[in-house]
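Below, each value reflects all heavy atoms present in this structure, side chains not excepted, and no hydrogens, waters or symmetry copies.
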Amino acid sequence: MSEMSLSKVGSALSRISVLTATIALTFFGLLLSSGFQVLDPMVRHDDFAALLADPTGYYSKTLYEGRWINYLWHLREVATPSWLNYLAYQFFWSVFAACLANLALGDKGALWHRVAMALLVALVPSALLISLWFNTLVPGMGMVALYAWLSTQVNERTARGLLVVFVPLTLMAYTTYPLFLLVLCLARADTLRSFRDLVGVMILFIASFALGMVVIFTLNYVVHGVFGVPMAPWRNSTPAHDLASVIENAKQIGMFLYQSGRVLGFGFFPLTMVHLVLLAVGIVVVGRRDPWRVVYLLSGVAAGLGLVFLQTVKSGISLPVRVIGFAWAFHAVLFVLMVLQLSENGGIRERLSRNLLIFLVMAYSAGTFQQSLIYAAWQKETRAMAAKIGAGSGPVFITGTYKSLLNADRAGIQNPRGLRLRMTYLTGRMVITCEEQPAECEVLPPDMLEDLPPGEVQVHHLADKVVVRLSKQVVSARQ
């Protein structure tokens, strides 16, 4: 490349804002870490309704979970490919993480510090878990990203005022999404922090959250005739009604914290302990210079976990580990602030803290990539199955059980719908599983219903249908 060309490239890069560069580099890093998920992303069985733009299977969630924004997304009538939805979801997630890094650091640190913080936020293992529902969560994450970007463009007062709009909207997409908005408010570097200010932003957030609940209750009353959000029967809730039941339900909090710690360390206990030590050190180091900064961050963690624990005690249902991402975001902010503070005078403290930050980003990138490989084998096997089925309009019958496939167990497939809807998406045909609808399979020839060895797959093209034969025997990757 000529010297003139290099000069043009350098000139172009210099015109890119720090925020834009942070977003772009975070998105690029996130996609690299996602591995094969980018080309053929894993879709959970209850996320196919959003992928296929089929609102019928999602309507009940408006009543039982208040997911009205997501339901409107299901009504769009235009089905976009899963890879496009995945890219959109991960881009929005990158925008949030990058905007948080820029808001939290203000005029401190270099570009790489911002990208490192953003990647540390974005690569939290719980984010990988929840990203398997990306088709459903695209609109909600888009609103989180929009609020994050607006927060970088307006003053703090205006950004807080927008909570009244964005908290109810994101609440109707996913219950804990409003907590990411709280992270953005409490982590800002330009805040004039005080007890009065902290109480004020907390009151505003809680009021906005309450407004969101009122909106959901009202919509449920108008549409379903129920003022509230009843618990879905399949959740088997145990509502607290006395002190004994409160204590019993509260026991699940310990299990939630244990599981969260295990997941956040990729199942490696020493890594979890490292983060607990870093949290304690960060509180001391940052707190000595700016105690209110630490108070704001820890208050956000306490408020978010308080809402999660309140729901657990009230209903007896422990929320999944994937909701812990907001608390990790506070932790990442505190950690990078500590790194910057320790780096001010150079020397060994600067080198150790810098290298630790780089190591953790690389470790979580590698961990995310490795986790994505778990789903790659299932995706490959089902693509091969769809290729054997081929093009056509006739129905596809699947005998046996999906549990006979080791890759299904490794990928955490929990329902025959996971295989049926995957085949529907890949082939465009009507797919019937004998596991779900045994009566429909009575039309098949007897030899098509005979058992096979575990793991074997046979595809038979009959006159007016295709039969995919699986074994009836259950296998487990954990044996």
Side-chain angles (χ1 to χ4, degrees), residues 58-75 92 96 99-100 103 136-151 153-188 191 196-232 239 296 299-315 317 319 323 325-327 329-330:
Y58 199 84
Y59 182 67
S60 63
K61 287 184 178 289
T62 58
L63 172 63
Y64 294 123
E65 298 181 31
R67 306 280 188 85
W68 285 99
I69 293 295
N70 293 346
Y71 180 66
L72 293 178
W73 170 243
H74 283 67
L75 296 174
F92 292 147
F96 162 77
C99 289
L100 172 61
L103 286 168
T136 300
L137 298 174
V138 162
M141 185 53 69
M143 287 186 290
V144 170
L146 177 58
Y147 178 83
W149 180 79
L150 288 173
S151 294
Q153 306 301 308
V154 300
N155 59 42
E156 181 184 50
R157 182 182 178 88
T158 303
R160 290 183 177 181
L162 289 173
L163 288 175
V164 179
V165 176
F166 279 89
V167 167
L169 288 175
T170 53
L171 182 62
M172 289 188 284
Y174 193 69
T175 309
T176 56
Y177 272 1
L179 297 177
F180 288 114
L181 312 188
L182 182 63
V183 174
L184 291 162
C185 289
L186 295 179
R188 290 183 72 117
T191 298
R196 180 178 179 180
D197 179 75
L198 178 59
V199 171
V201 70
M202 285 297 188
I203 291 176
L204 178 60
F205 175 78
I206 294 172
S208 300
F209 198 94
L211 175 61
M213 294 301 297
V214 170
V215 171
I216 292 173
F217 286 10
T218 302
L219 286 171
N220 279 357
Y221 180 75
V222 172
V223 177
H224 299 293
V226 178
F227 187 77
V229 181
M231 197 62 63
Y296 269 58
S299 295
V301 175
L305 290 179
L307 288 173
V308 172
F309 295 162
L310 179 62
Q311 176 67 10
T312 299
V313 171
K314 178 183 174 183
S315 65
I317 297 175
L319 293 178
V323 307
F326 77 93
F330 281 115

Review point. Closest approach of M231 and S315, non-hydrogen atoms and distance?
Key: CE-CB, 3.6 Å
**Study point:** Least distance between heavy atoms, G140 atom then A173 atom
**Key:** CA-CB, 3.5 Å
Review point. Is the centre of the Y64 ring less than 6.0 Å from the centre of the H224 ring?
Key: no
Point to revise | Criterion side chain to side chain contact (heavy atoms under 4.5 Å, CB included) on M141 and T136, from CA distance to verdict | key: CA-CA 10 Å; M141 185 53 69; T136 300; over 6 Å; no
Review point. Looking at V183 and F326, what are the two nearest heavy atoms and their distance?
Key: CG2-O, 3.8 Å
Check your understanding: Is a donor on one side and an acceptor on the other found under 3.5 Å between the side chain of Y147 and the backbone of A159?
Key -> yes
Exercise for review: State, with a plain yes or no, whether a side-chain heavy atom of L181 is found less than 4.5 Å away from one of V167.
Suggested key: yes
Point to revise | Aromatic centroids of Y71 and Y58 separated by under 6.0 Å | key: no
Check your understanding: So, do V226 and Y221 sit near enough that their side-chain heavy atoms are less than 4.5 Å apart?
Key -> no
Review point. T62 versus V223: any side-chain heavy-atom pair under 4.5 Å?
Key: no
Review point. Are any non-hydrogen side-chain atoms of N220 and W68 less than 4.5 angstrom apart?
Key: yes
Practice item. Before giving the answer on side chain to side chain contact (heavy atoms under 4.5 Å, CB included), spell out for M172 and I216 the whole-Å C-alpha distance, their side-chain angles and the decisive distance to 0.1 Å. Key: CA-CA 7 Å; M172 289 188 284; I216 292 173; 3.5 Å; yes
Check your understanding: So, for G300 and M202, which heavy atoms are closest and what is the spacing to 0.1 Å?
Key -> N-CE, 4.0 Å
Practice item. Answer yes if the side chains of T191 and E156 hold a donor-acceptor pair under 3.5 Å, and no otherwise. Key: yes
Check your understanding: For F330 and L186, what are the C-alpha separation, side-chain angles and deciding distance, and is it a side chain to side chain contact (heavy atoms under 4.5 Å, CB included)?
Key -> CA-CA 9 Å; F330 281 115; L186 295 179; 4.1 Å; yes
Review point. With a 4.5 Å limit on heavy-atom distance, are the side chains of F205 and C185 in contact?
Key: no
Exercise for review: Only counting residues at least two apart or in another chain, list the ones meeting side chain to side chain contact (heavy atoms under 4.5 Å, CB included) with L310.
Suggested key: none
Check your understanding: Given L163, which of L204, T170, L182, L211 fulfils the side-chain contact (heavy atoms from CB on, under 4.5 Å) condition?
Key -> L204
Review point. How about V144 and F92: do any of their side-chain heavy atoms sit closer than 4.5 Å?
Key: no
Practice item. Verify the distance criterion only: is there a donor paired with an acceptor across the side chains of N70 and Y174 at less than 3.5 Å? Key: no
Practice item. Taking the side chain as every heavy atom from C-beta outward, state whether V229 and L63 have any atom pair closer than 4.5 Å. Key: no
Check your understanding: Do Y177 and L171 have side-chain heavy atoms sitting under 4.5 Å apart?
Key -> no
